[in-house]
Amino acid sequence: ASRPRVLSGIQPTADSFHLGNYLGAVRNWVAMQETHDTFYCVVDLHAITMGHDPALLRQRTRVAAAQLLAAGLDPERCTLFVQSHVPEHPQLGWIMGCITGFGEASRMTQFKDKSAKQGVDRASVGLFTYPILQAADILLYQADAVPVGEDQRQHLELTRDLAQRFNRQFGKTFTVPEAYIVRDTAKITDLQEPTAKMSKSASTPAGIIELLDDPARSAKKIRSAVTDTGREILFDPAEKPGISNLLTIYSALSGRSVAELVEAYVGKGYGDLKKDLAEVVLEFVRPIQERTRVYLDDPSQLDKLLAVGAEKARAVAAVTLQTAYDRVGF
Ligand code: ADP
Ligand code: NA
């Protein structure tokens with residue numbers, strides 16, 4: 001039997017991915033290459049919904065792709081592409097928008113959150129319709145599964161509703177995707193505010209570890225991570241969120257279980273844990289940084305990889321779009 005197909009995207013809205021992105025998303029993408037038929041895209045169309053700088057966007061899109069390759073995406077085994085290279089995304093997005101209720105779209109809580117930050121009068125219509133484009137991203141590839149975090153659940157529900165609605169109204173066209181809940185997905189929290197998630201938009205620089213950051217700076221951030229006034233190194237996210245977060249990161253990057261780490265640090269202090277974790281992070285980011293640089297130093301090779309990815313993606317997307325066009329009467 002063929003493998004279930006998966007579609008996932010990541011926004012090129014930062015100069016580097018952070019450990020939360022890696023441990024919560026990218027690491028799973030790499031693993032899913034073994035079990036799924038994988039389509040991964042750098043969603044640059046989504047990255048312009050809140051205002052942007054063109055040169056920076058272009059740079060960040062390339063850096064995002066280079067980091068994904070450096071982290072283990074293999075263009076021989078997955079389809080890695082840039083969303084704007086595949087015009088079928090906004091084309092299907094328009095159709096999806098025409099079967100979405102205005103009230104239905106208005107209930108998306110992420111828009112409410114993000115537009116509240118900007119002021120609703122300054123929020124773009126693109127930010128409002130972004131979950132509809134996201135539905136098109138997924139449906140174009142007939143994805144069976146979509147890895148989702150808590151913050152994306154509502155958007156996946158919308159995608160499922162739209163797929164079912166279209167199929168009912170115009171005839172079976174789209175696979176209705178399921179949420180793919182990844183076991184053991186690490187939730188990484190902010191180093192300075194250990195009850196909040198590590199986030200490129202919400203965290204201060206001191207709260208996030210970036211994959212491409214200078215390791216000395218990352219080590220300093222780890223040393224300065226907020227912990228509690230106790231002394232014991234225990235995994236207890238409610239009472240000891242800071243230490244627990246450091247243990248989670250340590251465990252995920254080293255492959256040692258949290259229990260094993262707790263055992264190993266009996267009688268040792270927070271400083272010891274932080275010092276060792278800084279070393280683990282350094283060992284982890286070094287090869288990723290080196291490989292990222294290799295991709296960025298050879299722009300024509302990176303362009304070629306992304307062009308091949310876009311071609312593979314379009315081969316699937318164009319077929320789905322043609323069917324959808326036929327069904328709606330174009
Ligand atoms: P951010 O929250 O920093 O803006 P994104 O929303 O672009 O990051 O997230 C990209 C991917 O990384 C998503 O799949 C998201 O679930 C995952 N992710 C982001 N932050 C974390 C975190 N702190 N812990 C685990 N996963 C995360
Ligand atoms: Na987010």
Side-chain angles (χ1 to χ4, degrees), residues 6-32 38-52 57 60-61 63-65 67-68 71-73 80 82-83 108-111 113-114 117-118 127 130-131 133-134 137-138 143 145-156 159 177 179-213 218 221-222 225-226 237 241-242 244-253 281:
V6 101
L7 180 290
S8 197
I10 195 155
Q11 292 201 34
T13 42
D15 296 324
S16 169
F17 293 136
H18 57 70
L19 273 183
N21 298 140
Y22 178 78
L23 294 173
V26 176
R27 188 174 63 150
N28 300 323
W29 288 16
V30 174
M32 274 185 276
T38 47
F39 284 73
Y40 298 130
C41 62
V42 177
V43 289
D44 54 348
L45 297 175
H46 292 293
I48 66 169
T49 52
M50 296 183 69
H52 75 289
L57 175 65
R60 286 173 166 178
T61 299
V63 175
Q67 274 177 103
L68 291 171
L73 290 193
L80 172 65
V82 175
Q83 187 187 25
M108 296 297 123
T109 56
Q110 200 176 83
F111 174 76
D113 294 345
K114 290 191 174 177
K117 268 181 224 154
Q118 284 192 307
L127 182 65
Y130 137 81
L133 179 57
Q134 200 176 32
D137 297 338
I138 296 164
V146 181
V148 281
E150 229 13 84
D151 54 339
Q152 288 295 327
R153 270 184 172 284
Q154 195 186 29
H155 291 174
L156 183 64
T159 301
Y180 180 80
I181 311 294
V182 186
R183 284 176 301 112
D184 307 329
T185 291
K187 272 270 175 300
I188 307 305
T189 63
D190 187 308
L191 297 181
Q192 289 300 314
E193 218 181 307
T195 51
K197 87 171 199 162
M198 185 180 285
S199 158
K200 67 174 170 261
S201 43
S203 298
T204 62
I208 68 176
I209 302 281
E210 298 189 325
L211 297 190
L212 301 184
D213 204 356
S218 295
K221 291 179 188 180
I222 292 167
V226 168
S244 300
N245 187 43
L246 298 181
L247 285 168
T248 299
I249 296 170
Y250 197 149
S251 168
L253 296 184
V281 168

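All residue numbers refer to positions in the sequence shown, counting from 1. Every heavy atom of this structure was used, including side-chain atoms; hydrogens, water molecules and symmetry mates were not. First listed ligand is number 1; within each ligand, the first listed atom is number 1.
- Only the side chain of A25 comes within contact range of ligand 1, with a heavy atom under 4.0 Å; no backbone atom does.
- Summarising the geometry of A206 relative to L191, their closest heavy-atom pair is O-CB, 3.8 Å, with the distance given to 0.1 Å.
- For ligand 1, the atoms closer than 4.0 angstrom to any heavy atom of S201 are 4 (O).
- Here is the list of ligand 1 atoms found below 4.0 Å of a heavy atom in K200: 1 (P), 3 (O), 4 (O), 5 (P), 7 (O), 8 (O).
- When all heavy atoms of K200 and H18 are compared, the pair lying nearest together is N-NE2, 3.6 Å.
- The distance from atom CG of D137 to atom CG of L133, rounded to the nearest 0.5 Å, is 4.5 Å.
- The ligand atoms of ligand 1 that sit less than 4.0 angstrom from a heavy atom of K197 are 2 (O), 19 (C), 20 (N), 23 (N).
- Note on D15 versus R60: salt bridge recorded, some NZ/NE/NH1/NH2 to OD/OE distance being below 4.0 Å.
- With no hydrogens or angles considered, a side-chain donor-acceptor pair links T109 and Q154 at under 3.5 Å.
- Note: an N/O pair closer than 3.5 Å links M198 and ligand 1 by distance alone.
- For the atom pair CG (D213) and CD1 (I208), the distance works out to 8.5 Å, reported to the nearest 0.5 Å.
- Ligand 1 lies out of reach of L23, whose nearest heavy atom is not under 4.0 Å from it.
- Of the N or O atoms in T189, none lie within a sub-3.5 Å distance of an N or O in ligand 1.
- Within the 4.0 Å heavy-atom criterion, neither part of Q11 lies near ligand 1.
- Counting heavy atoms under 4.0 Å from ligand 1, residue Q152 does not touch it at all.
- Ring planes of Y40 and W29: parallel class, angle under 30° (limits at 30 and 60°).
- Between H18 and ligand 1, a contact under 3.5 Å exists for at least one N or O pair.
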